[in-house]
Amino acid sequence: DGTIDFIGRSDTQVKIRGYRIELGEIESILEGIDGVKQSVVLAREDDSGSKQLVGYVVSEEEIPRQLLQEKLHERLPEYMVPRVYAFMDSLPLTVNGKIDRKSLPAVDGATYEREAYVAPRTDTEHKLVDIWQGLLGIDRIGIHDNFFELGGH
């Protein structure tokens, strides 16, 4: 009948907050970091419906999230650096031996490494924490937490 249905892109390019991001570029840099055997990066929706980058990493030894972010920041702009990571023993595969991206587990904001909680002390700090809690849907935010690392933009 002449109807055309667009079912999505066949490559791994996504658009997050107005930026076009090629996920394979991030994966390539992740896999160049010492100790990383495999990686996959996906754009997942968080609780507020905003897309965020999530890195799935298979490594030989435990790699601090902060180290991964530092290495990515050396070669990529801020908006291309995942804030959330899932460390896995292996990545799920399809029957053809390719990475099964649809089978990767959902990762929630609880995987963020948070600073030690320090309660707000001043009236201004209380107001900011109240605003951030409302925007981000997080119950407990301390004065040393980073708005962007908690999922804000």
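Along the sequence shown, residues are numbered consecutively beginning with 1.
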Straight-line distance of Asp130 CG to Lys127 NZ, nearest 0.5 Å | 10.0 Å
Trace of the side-chain contact (heavy atoms from CB on, under 4.5 Å) decision for Leu42 with Val40 = CA-CA 7 Å; Leu42 296 179; Val40 172; 4.1 Å; yes
Got Glu60 and Lys37 here, is their nearest side-chain heavy-atom distance under 4.5 Å?
-> yes
Can you check side-chain hydrogen bond (donor to acceptor under 3.5 Å, both in side chains) on Asp1 and Thr3, steps first, answer last?
-> CA-CA 6 Å; Asp1 67 355; Thr3 302; 2.9 Å; yes
Residues Arg75, Glu70: salt bridge by 4.0 Å N-O rule = no
Can you find a pair of side-chain heavy atoms, one from Glu25 and one from Leu76, that are under 4.5 Å apart?
-> yes
Rounded distance [0.5 Å steps], CD1 in Ile16 versus CD in Glu45 = 10.0 Å
Evaluate side-chain contact (heavy atoms from CB on, under 4.5 Å) for Val54 paired with Tyr85, printing each intermediate quantity in order.
-> CA-CA 6 Å; Val54 177; Tyr85 295 88; over 6 Å; no
Does any non-hydrogen side-chain atom of Lys71 lie less than 4.5 Å from one of Ile29?
-> no
side-chain contact (heavy atoms from CB on, under 4.5 Å) assessment of Leu104 paired with Met88 | CA-CA 10 Å; Leu104 290 166; Met88 306 178 71; 3.9 Å; yes
Is the OH atom of Tyr79 crowded by more than 12 outside heavy atoms at less than 6.0 Å?
-> yes
So how far is it from Ser59 OG to Leu30 CG, rounded to the nearest 0.5 Å?
-> 11.0 Å
Can you check side-chain contact (heavy atoms from CB on, under 4.5 Å) on Ile99 and Thr94, steps first, answer last?
-> CA-CA 6 Å; Ile99 295 171; Thr94 65; over 6 Å; no
Smallest separation among heavy atoms of Ala43 and Leu23, with atom names | N-CD1, 4.3 Å
For Leu53 against Val81, the heavy-atom pair lying closest together = CD1-N, 4.3 Å
Do side-chain atoms of Glu27 reach the backbone of Val41 as a donor and acceptor pair under 3.5 angstrom?
-> yes
Point-to-point distance, once rounded to the nearest 0.5 Å, from CD of Gln13 to CZ of Arg20 = 5.5 Å
Would you say the side-chain atoms of Gln133 pair up with the backbone N or O of Asp139, donor to acceptor, closer than 3.5 Å?
-> yes
Could you walk me through whether Ser39 and Glu31 pass the side-chain hydrogen bond (donor to acceptor under 3.5 Å, both in side chains) test, one step at a time?
-> CA-CA 6 Å; Ser39 70; Glu31 290 175 7; 3.3 Å; yes
More than 12 heavy atoms of other residues, nucleotides or ligands under 6.0 Å from CD of Glu74: is that the case?
-> yes
